[in-house]
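Following this message is one structure expressed as structure tokens.
Side chains included, hydrogens not; waters and symmetry mates left out as well; all remaining heavy atoms used. The residues of the chain are indexed from 1 along the displayed sequence.
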Amino acid sequence: MGRGRVQLKRIENKINRQVTFSKRRSGLLKKAHEISVLCDAEVALIVFSTKGKLSEFSTDSCMERILERYDRYSTAERQLVATDTISQGSWTLEHAKLKARIEVLQRNQKHYMGEDLDTLSLKELQNLESQLDSALKNLRSRKNQIMFESISQLQKRDKVLQEQNNQLSKKVKNKEKELAELSTPEQQNQECSSSVLPKPLQPLDITSDMQQQGRGNVGDIEDTSLQQNQSSPTMPAWMLSHMNS
């Protein structure tokens with residue numbers, strides 16, 4: 001049968017308790033030596049038996065140095081814990097102060113907005129009114145200052161634009177004058193050339209003249225024939241027909 005799990009409780013039998021103490025102490029000392037060698041650790045082990053017998057182990061026989069180091073570290077740890085406690089208390093107090101300050105500021109903001117005024121007394125209302133009046137004066141003064149600054153800037157800009165406009169108008173006038181001076185000799189040369197050149201000849205419309213002359217001859221012939229017919233009423237019909245044809 002395998003070894004069962006030992007129940008951790010005080011051994012009532014003194015003999016068994018002494019035997020167990022001796023075995024476990026030897027094993028504990030062995031483990032302390034092993035961990036100091038394997039892991040290069042500084043180990044100090046102190047064991048007192050029920051009869052007050054001391055059993056100890058330390059690496060390289062430096063029990064005093066290890067104890068001093070332990071005392072130094074434990075003292076620093078206690079101081080750190082105390083400092084943390086004090087700082088935690090101070091932070092708690094600071095948090096409470098800041099919370100109360102925020103509540104006051106929020107209440108004042110509501111009062112400035114005209115809210116929650118029922119709880120204020122007459123003196124507090126008068127104080128609030130004076131604060132609002134001073135705030136309005138400051139706002140109006142700042143507003144007027146900004147308006148004056150903007151007006152002065154606009155005036156300066158207007159002056160600059162006027163100067164630029166004057167310069168541009170001067171440039172335009174000079175340019176027009178130069179163009180007029182350059183265009184005057186050219187116009188004179190054009191007028192002289194137009195006076196020297198002869199007028200163009202008009203084309204003759206021969207066909208229209210001939211048509212008009214032909215129409216005139218036919219009309220004359222018809223008129224003469226009519227006159228002849230009227231002047232000689234006694235002329236025979238066959239002669240008239242022959243003349244017409």
Side-chain angles (χ1 to χ4, degrees), residues 8-9 32 35-36 38-46 48 58-59 62-184:
L8 294 177
K9 66 177 183 179
I35 194 172
S36 64
L38 293 174
C39 301
D40 195 15
E42 292 184 356
V43 180
L45 177 63
I46 299 174
F48 288 97
S58 62
T59 56
C62 298
M63 179 63 73
E64 289 81 3
R65 186 171 60 84
I66 295 173
L67 290 177
E68 289 177 357
R69 185 177 180 184
Y70 169 75
D71 187 36
R72 186 170 61 253
Y73 272 85
S74 61
T75 303
E77 187 176 359
R78 286 194 297 270
Q79 291 178 356
L80 182 61
V81 170
T83 305
D84 291 337
T85 305
I86 294 170
S87 62
Q88 186 176 1
S90 63
W91 280 115
T92 304
L93 182 61
E94 188 69 21
H95 177 265
K97 290 181 179 180
L98 291 175
K99 188 176 181 181
R101 181 63 178 170
I102 291 171
E103 290 177 356
V104 171
L105 292 174
Q106 290 177 351
R107 186 169 60 253
N108 291 333
Q109 184 179 5
K110 289 181 179 180
H111 292 165
Y112 293 145
M113 296 295 293
E115 299 176 358
D116 296 339
L117 299 177
D118 297 334
T119 58
L120 297 178
S121 62
L122 179 60
K123 187 175 181 180
E124 290 175 348
L125 289 172
Q126 289 176 353
N127 189 14
L128 180 62
E129 184 180 5
S130 64
Q131 290 178 1
L132 291 174
D133 290 336
S134 62
L136 286 172
K137 289 179 181 178
N138 293 328
L139 288 173
R140 290 193 183 98
S141 63
R142 179 58 181 166
K143 176 184 174 183
N144 293 328
Q145 183 180 359
I146 293 173
M147 289 177 65
F148 290 148
E149 289 177 356
S150 61
I151 290 169
S152 63
Q153 289 178 0
L154 290 173
Q155 289 176 352
K156 291 179 181 178
R157 187 176 179 183
D158 185 25
K159 187 176 179 181
V160 171
L161 291 174
Q162 286 180 359
E163 291 178 354
Q164 292 178 357
N165 190 11
N166 294 329
Q167 292 177 0
L168 290 174
S169 63
K170 289 179 181 179
K171 289 182 180 180
V172 170
K173 289 180 180 179
N174 294 328
K175 193 68 175 178
E176 290 177 352
K177 187 176 180 181
E178 291 177 359
L179 291 174
E181 292 177 353
L182 292 173
S183 62
T184 300

side-chain contact (heavy atoms from CB on, under 4.5 Å) partner of Leu161, the single match among Gln164, Lys159, Glu163: Gln164
Just checking Asp71: does its CG atom have more than 12 heavy atoms from other residues, nucleotides or ligands closer to it than 6.0 angstrom?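 Enclosed: over 12 neighbouring heavy atoms sit under 6.0 Å from CG of Asp71.
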Looking at CD of Gln155 and OG of Ser150, how far apart are the two atoms once the value is rounded to the nearest 0.5 Å? 9.5 Å
As an exercise, state the distance from CD of Glu124 to NE2 of His111, rounded to the nearest 0.5 Å.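 Between atom CD of Glu124 and atom NE2 of His111 there are 7.5 Å.
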Do you know the tightest heavy-atom contact between Val43 and Ile66?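 Reported closest heavy-atom pair: O-CD1, 3.7 Å.
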Non-hydrogen atoms of Thr59 and Ser36 that approach each other most closely: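 That would be CG2-CB, 3.2 Å.
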Exercise: identify the closest heavy-atom pair between Met63 and Ala44: SD-CB, 3.8 Å
Just to verify, what does Val104 make a side chain to side chain contact (heavy atoms under 4.5 Å, CB included) with, not counting sequence neighbours? Arg107, Asn108
When rounded to the nearest 0.5 angstrom, what is the spacing between CD in Glu178 and CD in Glu176? 11.0 Å
Between Asp158 (side chain only) and Leu154 (backbone N and O only), is there a donor and an acceptor less than 3.5 Å apart?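 Not at all, since once roles are kept as given, no pair shorter than 3.5 Å links the two residues.
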Take atom CD of Gln145 as the centre, draw a 6.0 Å sphere, and report whether it contains more than 12 heavy atoms from other residues, nucleotides or ligands. yes
Look up atom CD1 in Ile35 and atom CG in Leu45, then write down how far apart they are to the nearest 0.5 Å.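 So the gap between those two atoms works out to 11.5 Å.
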Backbone N/O of Lys123 and side chain of Asn127: donor-acceptor pair under 3.5 Å: no
To the nearest 0.5 Å, how far apart are CG in Leu125 and CD in Glu129?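 The distance works out to 8.5 Å.
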Roughly how far, to the nearest 0.5 Å, is OH of Tyr70 from OG1 of Thr75? 9.5 Å
